[in-house]
Amino acid sequence: MAQKSIAAEKCPIAAGSGDVDVIEVIIVGAGFSGLLCATALCDSGVPLDSIALLEAGSACGGVWRKGGVGDYPGAACDVEAYQYLPLLQRVGFIPSRKYIAQAEIGAYADLFARKLGLLPRIRFNTKVASANFIGDVCESALWEVVTEAGETIRSRHLVMACGPLSTPKFPQIRGMGSFQGPTFHTAKWDHGVALEGKRVGVVGTGASAAQVITTLADVAGHTYVFQRTPVWAMPRNDQPTPTELRDSIAGDVGFTEKLRREEAERIDGELFPLLHDPVQNKKMTNAMLALIEQEVPGNAELRKQLTPDYPFWCKRVLYIDNYYATFNKPNVSLVADPGGVVEETSTGVRVASGTEYELDAIVYATGFDACTVSFPVTGRGGRTLAEHWGGEKLDRPRTLFGIHVSGFPNLHFMIGPQ
């Protein structure tokens, strides 16, 4: 599609080198953090035509857009929609239910951009190839962004809103690529592969894995879940949005922002203190043990394999209905090898104990590299962000409040590492 031109003004270059066109802000990513950043900038007085959002995909929503990393079977938000979706009343939208699925979230992101007037400033299908700080030759801090199409855009500020859940992470195991059947990461789901009646291996038991597992159990011939570490999974008690709540969202000005604020205060003021109190945490852990016993009756060994050996909320808790109960199904097998999958073979996978499982398809639900930016970012003195954070593995990322990085002036992270 044709893209609108970016409004620019002249920025004088030092040493009489002439002028270059520069806008105020480039935002990389049109997920919710990028859309909210643009909205907040406009609300604070930054002209909309001095903002550009560069989006790699063909729609808004980031994780949630169609074809995004959250476009897999069963994908849904595990936070209540009334708190998760931003500016509901300003946009004029009422979620269909308590926990909405990927398609509705993606559609809301597109609606958000349209209703708040951001669409003319979003360049879809625009991947960033590099970002370089060139402020040392300009009177103000200046970033130069080059797209994969070869276009150069310059700005005073660069905002990284490309999200921590954008670079799939695969396990470091032997034989990767050896499997002769279809294999893919949940973030790159291959919708062209028919899994009905097939033997499907799911590697991982995190949030994405849990949603895939509970969905595949009703589709695949047999689902093998390769678990290295068990998880605490709380029921969501999902339901359609009640009429009373619909009426409040539609007619009570400030209602959804009040909900978000009250939920944040409840978590900070009530939940976290309980979690850090050993006695109270034990009570919550016991309640979860009772839930597992209720969902998995009559199978003590399976309950043991599904029960974490760490305190409640020590790791991320999953919010999903019937997770433990899914493993009662005759076509679902839990492979609880503490060493996990250690090798991909031509016919399946091998676990640490040595057992090999023959499969028709492999799904890797092994998370994301949250500290990786998918394109090189070069700061002051020619030092790259990867070098600054410790090399390719980025083993020691450091920021100020997860937002700013020393040596990278006017570079802002919406969701940066700390």
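Every heavy atom of this structure was used, including side-chain atoms; hydrogens, water molecules and symmetry mates were not.
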Task: Exercise: identify the closest heavy-atom pair between Val145 and Leu158 - done: CG2-CD1, 3.9 Å

Task: Donor-acceptor pair, side chain of Thr147 and main chain of Thr126, under 3.5 angstrom - done: no

Open item on the list: Quick one, Ile134 with Trp143, criterion side chain to side chain contact (heavy atoms under 4.5 Å, CB included). Give me CA distance, side-chain angles, the key distance, then yes/no.
Closed with: CA-CA 6 Å; Ile134 57 173; Trp143 283 89; over 6 Å; no

Open item on the list: Keeping Asn328 on the side-chain end and Ala325 on the backbone end, is there a donor-acceptor pair under 3.5 Å?
Closed with: yes

- [ ] Let me see the working for Ile105 and Cys77 under side chain to side chain contact (heavy atoms under 4.5 Å, CB included), right down to the final yes or no.
- [x] CA-CA 8 Å; Ile105 304 173; Cys77 186; 3.6 Å; yes

Open item on the list: Working to the nearest 0.5 angstrom, can you tell me the gap between His404 NE2 and Thr399 OG1?
Closed with: 9.5 Å

Open item on the list: With a 3.5 Å distance limit and no angle check, can you tell me whether Asp337 reaches the backbone of Val351 through a side-chain donor-acceptor pair?
Closed with: no

Task: Spacing of CG belonging to Leu411 relative to CE belonging to Met160, to within rounding of 0.5 Å - done: 6.0 Å

Open item on the list: For the backbone of Phe255 and the side chain of Gln89, can you confirm whether one donor and one acceptor N or O come within less than 3.5 Å of each other?
Closed with: yes

Task: Minimum heavy-atom distance Ala187-Pro168, with the two atoms named - done: CB-CG, 3.7 Å

Open item on the list: Using modelled atom types and a 3.5 Å cut-off, is there a donor and acceptor pairing between side-chain atoms of Asp252 and backbone atoms of Ser248?
Closed with: no

Task: Asp360 and its side-chain hydrogen bond (donor to acceptor under 3.5 Å, both in side chains) partner, picked from Lys198, Arg199, His222 - done: Arg199

Open item on the list: Could you measure the distance from the CZ atom of Phe226 to the CD1 atom of Ile362? Nearest 0.5 Å is fine.
Closed with: 8.0 Å

Task: Side-chain heavy atoms of Val405 within contact of His388, under 4.5 Å - done: yes

Open item on the list: Quick check: do Val317 and Met288 have side-chain heavy atoms less than 4.5 Å from each other?
Closed with: no

Open item on the list: For Tyr84 and Trp64, take the angle between the two ring planes, folded into 0 to 90°, and tell me which bin it lands in: parallel under 30, tilted 30 to 60, perpendicular over 60.
Closed with: perpendicular

Task: Any donor-acceptor N or O pair under 3.5 Å, side chains Thr229, Tyr310 - done: no

Open item on the list: Would you say that Thr384 contacts Glu387 through its side chain, given a criterion of any heavy-atom pair below 4.5 Å between the two side chains?
Closed with: yes

Task: Among Phe401, Phe408, Trp389, the one residue meeting ring pair (Phe, Tyr, Trp, His ring centres under 6.0 Å) with Phe413 - done: Trp389

Task: Side chain to side chain, Leu85 and Phe93, heavy atoms closer than 4.5 Å - done: yes

Open item on the list: When you compare the side chain of Ile23 with that of Ser50, does any pair of heavy atoms fall below 4.5 Å?
Closed with: yes

Open item on the list: Strictly below 4.0 Å, N to O, side chains only: are Arg65 and Asp110 in salt-bridge contact?
Closed with: no

Task: NZ/Lys169: more than 12 non-hydrogen atoms of other groups inside 6.0 Å - done: no

Open item on the list: Return the NZ to SG distance between Lys66 and Cys60, rounded to the nearest 0.5 Å.
Closed with: 16.0 Å

Open item on the list: Please list all pairs meeting side chain to side chain donor-acceptor pair (under 3.5 Å) that have one or both residues in residues 268-277, counting only residues at least two apart or in different chains.
Closed with: none

TODO: Output yes when Arg266 and Glu263 qualify as a salt bridge under the 4.0 Å nitrogen-oxygen rule, no when they do not.
DONE: yes

- [ ] Would you mind reporting whether His157 and Leu142 have side-chain heavy atoms less than 4.5 Å apart?
- [x] no

Open item on the list: Can you give me the closest heavy-atom contact between Asn331 and Ala220, atom names plus distance?
Closed with: ND2-O, 3.3 Å

Open item on the list: I need the full list of salt bridge (charged side-chain N to carboxylate O under 4.0 Å, His left out) pairs touching residues 29-48, with sequence neighbours left out, sorted by first then second residue.
Closed with: Asp43-Arg90

Task: Exercise: do Asn125 and Ser58 side chains pair donor with acceptor under 3.5 Å - done: no

Open item on the list: For a 4.5 angstrom cut-off between non-hydrogen side-chain atoms, does Val146 reach Val128?
Closed with: no

Open item on the list: Using only atom types and a distance under 3.5 Å, with no angle test, would you say the side chain of Lys98 pairs donor to acceptor with the backbone of Arg236?
Closed with: yes

Task: Pair Asp49 + Arg121: basic N to acidic O under 4.0 Å - done: no

- [ ] With side chain to side chain donor-acceptor pair (under 3.5 Å) as the test, would you mind laying out the steps for Ser333 and Tyr357 before giving the verdict?
- [x] CA-CA 11 Å; Ser333 295; Tyr357 292 83; over 6 Å; no

Task: N-O pairing of Glu151 and Arg123 below 4.0 Å - done: yes

TODO: Quick one: closest heavy-atom pair of Ala81 and Arg97, and the distance?
DONE: CB-O, 3.8 Å

Open item on the list: Set out, in order, the CA-CA distance, both residues' side-chain angles and the distance that settles side chain to side chain contact (heavy atoms under 4.5 Å, CB included) for Leu48 and Leu118, then state yes or no.
Closed with: CA-CA 8 Å; Leu48 178 60; Leu118 301 178; 3.9 Å; yes

- [ ] Could you tell me whether Arg228 atom CZ has more than 12 heavy atoms of other residues or ligands within 6.0 Å of it?
- [x] no

Open item on the list: Closer than 3.5 angstrom, by distance alone: can the side chain of Glu55 be matched with the main-chain N or O of Ile122 as a donor-acceptor pair?
Closed with: no

- [ ] For Gln239 and Tyr99, indicate whether the former's side chain and the latter's backbone hold a donor-acceptor pair under 3.5 Å.
- [x] no

Open item on the list: Looking at Asn410 and Arg156, would you say the former's side chain and the latter's main chain have a donor-acceptor pair under 3.5 Å?
Closed with: yes

- [ ] Calculate, to the nearest 0.5 Å, the distance between atoms OH and CD1 belonging to Tyr224 and Ile213 respectively.
- [x] 14.5 Å

Task: Approximate separation, where rounding is to 0.5 Å, of Leu289 CG and Leu306 CG - done: 11.5 Å

Task: Closest heavy-atom pair and its distance - Leu291, Pro235 - done: CD2-CD, 3.6 Å

Open item on the list: Which residues pass the side chain to side chain contact (heavy atoms under 4.5 Å, CB included) test with Ile173, not counting sequence neighbours?
Closed with: Pro171, Met176, Val341, Glu344, Tyr364

Task: Crowding at NZ, Lys188 (>12 non-hydrogen neighbours, <6.0 Å) - done: no

Task: Glu104 and Ser96 side chains, donor-acceptor separation under 3.5 Å - done: yes

Open item on the list: I'd like to know if the side chain of Gln83 pairs up with that of Thr256 as donor and acceptor (distance under 3.5 Å, no hydrogens or angles considered).
Closed with: no

TODO: Classify the angle between the aromatic ring planes of Trp189 and His191 as parallel (below 30°), tilted (30 to 60°) or perpendicular (above 60°).
DONE: tilted

TODO: Taking all heavy atoms of Ala209 and all of Val202, pick out the closest pair and write down the distance.
DONE: CB-CG1, 4.4 Å

Task: Side-chain (Ser44) to main-chain (Leu41) donor-acceptor, under 3.5 angstrom - done: yes

- [ ] Go through the steps to decide whether Glu144 and Ile153 satisfy the test side chain to side chain contact (heavy atoms under 4.5 Å, CB included), and finish with yes or no.
- [x] CA-CA 6 Å; Glu144 181 176 84; Ile153 310 170; over 6 Å; no

